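Read the numbers this way: they start at 1 and go in the same order the structure lists the ligands and their atoms. When a residue number appears, it is its place in the shown sequence, counting from 1. Fair warning: this is a prediction, and the values are worked out from it, not measured in the lab.
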Amino acid sequence: MLPAPTTLRAQAQRSTSEYRALDAAHHIHPFSDMGSLNKAGSRVIVKARGVYLWDSEGNQIIDGMAGLWCVNVGYGRKELADAAYKQLQELPYYNTFFKTTHPPVVELSALLAELSPEPLNHFFYCNSGSEGNDTVLRIVHRYWRTQGKPSKKVVISRKNGYHGSTIAGGTLGGMGYMHEQMPSKVENIVHIDQPYFFGEAEGNMTPEEFGLARAQQLEAKILEVGAENVAAVIGEPFQGAGGVIFPPSTYWPEIQRICRKYDILLCADEVIGGFGRTGEWFAHQHFGFEPDLMTLAKGLTSGYVPMGAVGVHDRIAKALIENGDFNHGLTYSGHPVAAAVAVANLKLLRDERIVERVKTDTGPYFQRRLRETFNDHPIVGEITGTGLVAGIQLAQEPKARKRFANGGDAGTICRDFCFNGNLIMRATGDRMVLSPPLVVTHEEIDEILSKAKTALDQTAHYLRGE
Ligand code: PXG
């Protein structure tokens, strides 16, 4: 671990108001209403260690989101800084396009093959999860052409899934508010409904029945489009940005059965679920299915530097390898510094038994305490999650599964109470989500949940006009 941040003031070169003014003058933030943000002013984050952040005013904030679901080993690991520094001196950049390779990308590929389920032994690199999903599309299309089935072009995805913000990522995702701002989309992508039991199950259906019914929508869609035209299905094992929606146990086995029946590739977007979040190395292992392709990013480097990748099943890799050029690549595919950081990061996750601890210790503790804290809360309708990820459904009448009329407002109110209480907990619509660094301790879990409880209590009072 790097030294504790005792020199906060020295690190911040400017005053908070100067930072805010310059930020408002020159910086366009992602997914933000810049007009209102510029008026209010951004919080300036200057430092982080372990599971804590510090802002430019000296406030210490506990990060219940691991950044954006990515800082799996926690902040301030010297091993990662050293790996980057060493690699920057040795070979800061070289490409892998024209018959060259380099040690960090070789080491990373071998290590990923070791950590991934048996048939996933080849890896293609990019810079982000979005580019990873663009790459998945490129591989899927190339694969079916090599198999003499070029009509297999359609990819089936889910509403309220998130697959990134490039044009392909945004089209694959099922976020209506993104589609509205995208007059140009990628062709041949269609969506089916999500397996969101609390929000969408009707009548007296059990979660298991609902999971099966939602999976069977896939079969109906395949028959509508024609199996000879369907190339692949893509989904997050659990929907992250969509609100930590955990499908019923019946869902993924049925999706897999249908994909196999109609000869359709199954792609797992592991950008959030990968690298230990559920207590398994990859979330599809928790849900019991075997993908042909998996998208990786975020926890691959714990977010210290940008990197994405696609894990490729032997069968697909063989088709790519034996059929000439694959015309896809990025300047920074397999970037040596990112690869060196990824190797150092994966070794920490493995050798310090961080993933194992999520499965056997911190994950079960977090899930138990979460349920103890919120099971009977007056505005909590359901709690989902396993390992170190959780979704808390806000509801007006929890038992009747009745949601707030404008749920997004309830979420935003709750998130703002968290922020004021120095906890980062994200709201997605009317679901509060937690995904702390995987190194979080029992005491830190208690702190997160106690702050979250205060914020939910304040939200309940506020919504009742008290
Ligand atoms: N797939 C999944 C499942 C993701 O969660 C991406 C792909 C895209 O990755 P990049 O690296 O291109 O951003 C993601 C990203 C949020 C939030 O607010 C979630 C993501 C990104 C930004 C914000 O929950 N997930």
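- In this pair, Phe282 and His284 present their aromatic rings parallel. The plane angle is below 30°, not in the 30 to 60° band.
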List, one per line, each side-chain donor-acceptor pair under 3.5 Å for residues 406-415, sequence neighbours excluded.
{"unit_1": "Asn406", "atom_1": "ND2", "unit_2": "Asp409", "atom_2": "OD2", "d": "2.9"}
{"unit_1": "Thr412", "atom_1": "OG1", "unit_2": "Gly408", "atom_2": "O", "d": "2.9"}

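- Scanning all heavy atoms of the two residues, the minimum distance from Pro195 to Pro248 falls at O-CD, 3.9 Å.
- For atom 1 (N) of ligand 1, the choice among Asp134, Leu172, Asp269 with the nearest heavy atom turns out to be Asp269.
- Protein heavy atom in closest approach to atom 21 (C) of ligand 1: Lys298 NZ, 3.6 Å.
- Close approach to Arg426 involves these atoms of ligand 1, each under 4.0 Å from a residue heavy atom: 16 (C), 18 (O), 24 (O).
- Between Phe287 and Phe246, the ring planes lie tilted relative to each other; the angle falls in the 30° to 60° range.
- For the pair Lys152 and Trp144, the cation-pi criterion (under 6.0 Å, within 45° of the ring axis) is fulfilled.
- Distances from atom 8 (C) of ligand 1 to the heavy atoms of Ser130, Ala297, Ala268 put Ser130 nearest.
- Using bins of under 30°, 30° to 60° and over 60° for the plane-to-plane angle, the ring pair His335/Tyr93 lands in the tilted bin.
- Scanning all protein heavy atoms for the shortest distance to atom 19 (C) of ligand 1 gives Trp69 NE1, 3.6 Å.
- Looking from atom 22 (C) of ligand 1 to the surrounding protein, the closest heavy atom is Leu68 CD1, 3.5 Å.
- Taking the six-membered ring for Trp and the full ring otherwise, Phe238 and His286 have centroids separated by 6.0 Å or more.
- Near Asn133, meaning under 4.0 Å from any of its heavy atoms, are these atoms of ligand 1: 1 (N), 7 (C).
- Between Gly129, Ser128, Pro30, it is Gly129 that holds the heavy atom closest to atom 9 (O) of ligand 1.
- Using 4.0 Å as the threshold, Gln239 has no heavy atom nearer than that to any atom of ligand 1.
- Between Ile264 and Asp292 the shortest heavy-atom distance is O-OD2, 4.3 Å.
- When only non-hydrogen protein atoms are considered, atom 5 (O) of ligand 1 lies nearest to Ile272 CD1, 3.2 Å.
- Heavy atoms of Thr166 found under 4.0 angstrom from ligand 1: none, in either backbone or side chain.
- Separation of the His191 and His179 ring centroids falls under the 6.0 Å cut-off.
- For ligand 1, the atoms sitting less than 4.0 Å from at least one non-hydrogen atom of Ala241 are 24 (O), numbered in the order shown with element in parentheses.
- When heavy-atom distances to ligand 1 are checked against a 4.0 Å cut-off, Glu236 comes that close only through its side chain, counted from C-beta outward.
- Distances from ligand 1 to the non-hydrogen atoms of Phe31 include no value under 4.0 Å.
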